[in-house]
Amino acid sequence: QVQLVESGGGLVQPGGSLRLSCAASGRTFIIYRMGWFRRAPGKEREFVAALRWSGGSFIYADSVKDRFTISRDNAKNTMYLQMNSLKPEDTAVYYCAARRFAGGGVVAGDYDYWGQGTQVTVSS
């Protein structure tokens with residue numbers, strides 16, 4: 001099993017920045033890909049960004065491309081999401097997820113393990 005814990009959410013003004021972290025523990029050696037998803041109030045969970053745990057293969061949703069950057073530190077078993085130029089429509093609960101097998105990556109059903117989520121609110 002893999003355990004995931006997100007942190008770094010909070011309240012930020014439009015145009016501001018936040019960095020989310022996702023700490024992985026347990027059988028992390030089985031992870032192939034990790035990603036970020038978000039769920040806004042009244043909406044479905046949507047894909048934000050993903051990467052291959054061994055490096056590379058970055059994928060971004062069009063809505064966050066050029067504003068968000070996904071990265072990881074394997075030594076710390078931690079994934080990050082640097083969010084810049086935040087907009088009110090970025091308000092959501094952000095979840096990190098891990099996938100065991102190659103392929104996939106932009107669909108929630110592709111992932112095997114999930115964190116509990118961290119709230120991000122963009123408001124003046």
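Residue indices begin at 1 and follow the sequence shown.
In summary, R33 and D110 do not engage in a salt bridge, as defined by a charged side-chain N under 4.0 Å from a carboxylate O. Here K65 pairs with D62 in a salt bridge; the nearest charged N to carboxylate O distance falls below 4.0 Å.
Atoms CD1 and CZ, on I30 and F101 in that order, are 8.0 Å from each other to the nearest 0.5 Å. In this structure, the separation between CD1 on I70 and CD on Q82 is 12.5 Å, given to the nearest 0.5 Å. Taken from CZ in R38 to CG in L20, the straight-line distance is 11.0 Å, to the nearest 0.5 Å. Between the CG atom of D112 and the CZ atom of R99 there is a distance of 7.0 Å, given to the nearest 0.5 Å. The OG atom of S7 lies 9.0 Å from the CZ atom of R19; values are rounded to the nearest 0.5 Å. Going from atom CH2 of W36 over to atom CG of L51 covers 10.5 Å, rounded to the nearest 0.5 Å.
Open room surrounds CG on D66; 12 or fewer heavy atoms of other groups in view lie less than 6.0 Å from it. The environment of CD in E89 is crowded: more than 12 heavy-atom neighbours from other residues, nucleotides or ligands sit within 6.0 Å.
Hydrophobic clustering places Y113 together with M79 (ILVMFWY residues linked when any side-chain heavy atoms are closer than 4.5 Å, directly or through intermediates). Cluster annotation: V48 and Y95 are assigned to distinct hydrophobic clusters (Ile/Leu/Val/Met/Phe/Trp/Tyr, side-chain heavy-atom contacts under 4.5 Å, transitive). By the rule that hydrophobic residues join a cluster once side-chain heavy atoms approach within less than 4.5 Å of another member, Y60 and M34 end up as members of one cluster. Cluster membership for V12 and Y94, using ILVMFWY side-chain heavy atoms within less than 4.5 angstrom, is shared.
In this pair, F37 and Y111 present their aromatic rings perpendicular. The plane angle is above 60°, beyond the 30 to 60° band.
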Item to check | Check against side-chain contact (heavy atoms from CB on, under 4.5 Å), N77 and W53 | outcome: CA-CA 9 Å; N77 283 333; W53 193 234; 4.0 Å; yes
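The heavy-atom pair separating Q119 from T91 by the smallest distance is NE2-CG2, 4.0 Å. Taking both residues in full, the closest heavy atoms of V122 and D90 are given as CG2-CB, 4.3 Å, listed atom of the first, atom of the second, then distance. Heavy atoms only, all atoms of each residue included: A108 and W114 are closest at O-CZ2, 3.4 Å. Smallest separation of non-hydrogen atoms from S17 and S85: OG-N, 4.4 Å. G8 and L18 make their closest contact through O-CD2, 3.8 Å (heavy atoms, listed as atom of the first residue, atom of the second, distance). Pairing each heavy atom of A98 with each of L4, the nearest pair is N-CD1, 3.7 Å.
With N74 contributing its side chain and S54 its backbone, the two residues share no donor-acceptor pair below 3.5 Å. Without hydrogens or angle criteria, E6 side chain to Q116 main chain gives a donor-acceptor distance under 3.5 Å.
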